[in-house]
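In what follows, a single structure is set out as structure tokens and then discussed.
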Amino acid sequence: MMVALDGTIVAIANPAIQKDLGASFAEVQWITNGYFLALAVTLITAGKLGDRFGHRQTFLIGVVGFAAASGAIGLSDSIALVVTFRVFQGLFGALLMPAALGLLRATFPAEKLNMAIGIWGMVIGASTAGGPILGGLLVQHVSWQSVFFINVPVGVAALVLGLLILTDHRARNAPRSFDIPGIALLSGAMFCLVWALIKAPAWGWGSGLTWTFLAASVLGFGLFALWETRVAEPLIPLGLFRSVPLSAGVVLMVLMAIAFLGGLFFVTFYLQNVHGMSPVDAGLHLLPLTGMMIVGSPLAGALITRTGPRIPLAGGMVLTAVSMYGMSTLDTGTGSAVMSLWFGGLGLGLAPVMVGATEVIVGNAPMELSGVAGGLQQAAMQIGGSLGTAVLGAVMASKVDGDLAGNWADAKLPPLTQAQLDQASQAVQVGSAPVAKGTPAGLAEKITTVAHDTFISGMSLACMVAAVVAVVAVFVALLTKRGENADAAGAGGGHI
């Protein structure tokens, strides 16, 4: 709940942080990307820690660290400090997220695991739904810092309840050693991959630096795979990926995150900067999305238990694709009813994918590797989020850069130097109009119209790309099936 609440609160707070700290579009992206980078690099290793030392312990350490990092962000007075402590949030989030799934897998038997994951998804949906409203109220009436301080009491409550309620289940054949070279190789490969994705919009996709990091990532993954075949207790036994459903589940999580997180990045700027909504109003307009996740997640859990994951997953991605296409048609005059239709459809489409893909990955892994499987699930989502933000951000920036000069000239606005045009483009990429103080009202209105129309064209193209990714995910979903090892859940493990 704490992690999900934090995600939507930060999305609502991004425009306020940008204005208060004078951050650029790229720096605002780093608030998200720094978190994703830390998570993606460490999630699988953190899952291994849970398998080795117990998921209860790693979960509670993650909760404490996440809450402490949140408090530190609230005390920060520069964008550099905000990003730094977001990285720490990611590191501690990496400890608690796979551990949560490991605890669920160990506690619930096969016939109840889907419903348990469905309720887990419902809690995420509920906190996601509450995040925009709570975040909007705090940003509007207190400060953006307060949206981070809210995690401190939530973390304290989670720690107290965790100490009182959680028990530690461990498989009898849990790993007893660490694959340090494997950890180093995987972490290095993941870092190079996510770093290249994050920096590609600034460096350019044709840049030598971008391709150097991508090549280093491929080399790192290759060396990691080679090493894992030679070590007695590998970090990730490569035999896991002989399971087609598990591999399909991982790919599906990546594609879902590209479409969802990449496309949604622009929506808060669309609502606040283009439509001029307050943070609270923006949160209310996102409520259909998160509200349908609340309704859809437990229903998806029950449906998947009855029919298996294949049809619900494919259907969810079809609805996601349709909704992303619908979001590509939004413009400056779109009303709340139409927005709610597409946002609600997106939430209803995501619910079975979040629940089903999680069960496919965790349920197809052996019990003693439930933490690693949870790490794979979360790492896939974080890599997809980084990939979506990078690629769709590049699509947006390219479209804005390509259209702004022509739109500006067509509106017969005063000509800009290249430096002024670049500066204006940075503003338009977040939906802001580059209107200088003292600009006459008529001229300001023309500049605002050009800026918003150009932003809309970029957002529309980004959402179309996200819709295409969701269509590809439909076919991947057809390769999934119920977890082969789910019968081990809730049984056969030592209870410590």
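With hydrogens and angles ignored, the 3.5 Å screen pairs no side-chain donor or acceptor of S398 with any backbone N or O of V395. Using modelled atom types, no side-chain atom of S460 and backbone atom of S457 make a donor-acceptor pair closer than 3.5 Å. Side-chain atoms of T212 come within 3.5 Å of backbone atoms of G208 as a donor-acceptor pair (strictly under, hydrogens ignored). Listed for the T229 side chain is a donor-acceptor partner under 3.5 Å among the backbone atoms of L226. One N or O on the side chain of T480 and one on the backbone of A477 form a donor-acceptor pair closer than 3.5 Å. At distances below 3.5 Å, not a single donor-acceptor pair connects side-chain atoms of S247 with backbone N or O atoms of V244. Judged purely by atom type and a 3.5 angstrom limit, S217 has no side-chain atom pairing as donor or acceptor with the backbone of F213. Using a distance-only test at 3.5 Å, with no hydrogens or angles considered, a donor-acceptor pair links the side chain of T58 to the main chain of H55.
Across every non-hydrogen atom of L96 and V63, the tightest pair is CD2-N, 3.7 Å. Across every non-hydrogen atom of A357 and L252, the tightest pair is CB-CD2, 4.2 Å. Of all the heavy atoms in V428 and A451, the pair that sits closest is CG1-O, 3.4 Å. Between I294 and P298 the shortest heavy-atom distance is O-CD, 3.1 Å. Residues V471 and A321 come closest through the heavy atom pair CG2-CB, 3.8 Å. Of all non-hydrogen atoms in L246 and I361, the two that sit nearest each other are CD1-O, 3.5 Å.
Partner L271 forms a side-chain contact (heavy atoms from CB on, under 4.5 Å) with one of V274, V267, N273 and no other, that one being V267.
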side-chain contact (heavy atoms from CB on, under 4.5 Å) between M190 and W195, intermediate numbers included: CA-CA 8 Å; M190 293 283 279; W195 185 260; over 6 Å; no
Could you go through the side chain to side chain donor-acceptor pair (under 3.5 Å) check for D401 and S425 one step at a time? CA-CA 6 Å; D401 288 344; S425 180; 2.4 Å; yes
Would V474 and L313 count as a side-chain contact (heavy atoms from CB on, under 4.5 Å) here? Give the steps. CA-CA 8 Å; V474 173; L313 284 173; over 6 Å; no
Could you check M317 against V353 for side-chain contact (heavy atoms from CB on, under 4.5 Å), going step by step and ending with a plain yes or no? CA-CA 7 Å; M317 289 314 305; V353 181; 3.5 Å; yes
With side-chain contact (heavy atoms from CB on, under 4.5 Å) as the criterion, how do S297 and M354 come out once you've worked through the C-alpha distance, each side chain's angles and the decisive distance to 0.1 Å? CA-CA 8 Å; S297 293; M354 187 73 74; 5.8 Å; no
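For the pair M464 and Y325, the minimum side-chain heavy-atom distance is below 4.5 Å. Contact check for L214 versus C192: no side-chain heavy atoms found under the 4.5 Å cut-off. Annotation: side chain of L330 is not in contact with side chain of I456 (no heavy-atom distance under 4.5 Å). At least one side-chain heavy atom of L392 sits less than 4.5 Å from a side-chain heavy atom of V465. Considering only heavy atoms from C-beta on, T329 comes within 4.5 Å of W342 through its side chain. Using a 4.5 Å cut-off on side-chain heavy atoms (C-beta onward), F66 and N151 make contact. Looking at heavy atoms from C-beta onward, Y270 lies in side-chain contact with M339 at the 4.5 angstrom threshold. Between K399 and M459, the closest side-chain pair of non-hydrogen atoms is not below 4.5 Å.
H275 contributes atom NE2, which lies 7.0 Å from atom OG1 of T332 (distance to the nearest 0.5 angstrom). Distance CZ/F455 to CG/D403: 13.5 Å, rounded to 0.5 Å. We find the CG-CE distance between L341 and M327 to be 11.5 Å, quoted to the nearest 0.5 Å. A distance of 8.5 Å separates CG in L346 from CE in M293, rounded to the nearest 0.5 Å. To the nearest 0.5 Å, the span separating CG on L319 from CE on M324 amounts to 12.0 Å. Summarising the geometry, atom CG belonging to L186 is positioned 10.5 Å from atom CG belonging to L43; distances are rounded to the nearest 0.5 Å.
The neighbour count for F221 CZ, taken as heavy atoms of other residues, nucleotides or ligands under 6.0 Å away, is above 12. No more than 12 heavy atoms of other residues, nucleotides or ligands sit less than 6.0 Å from atom CZ of F88.
Aromatic ring centres of H285 and F343 lie farther apart than the 6.0 Å criterion allows.
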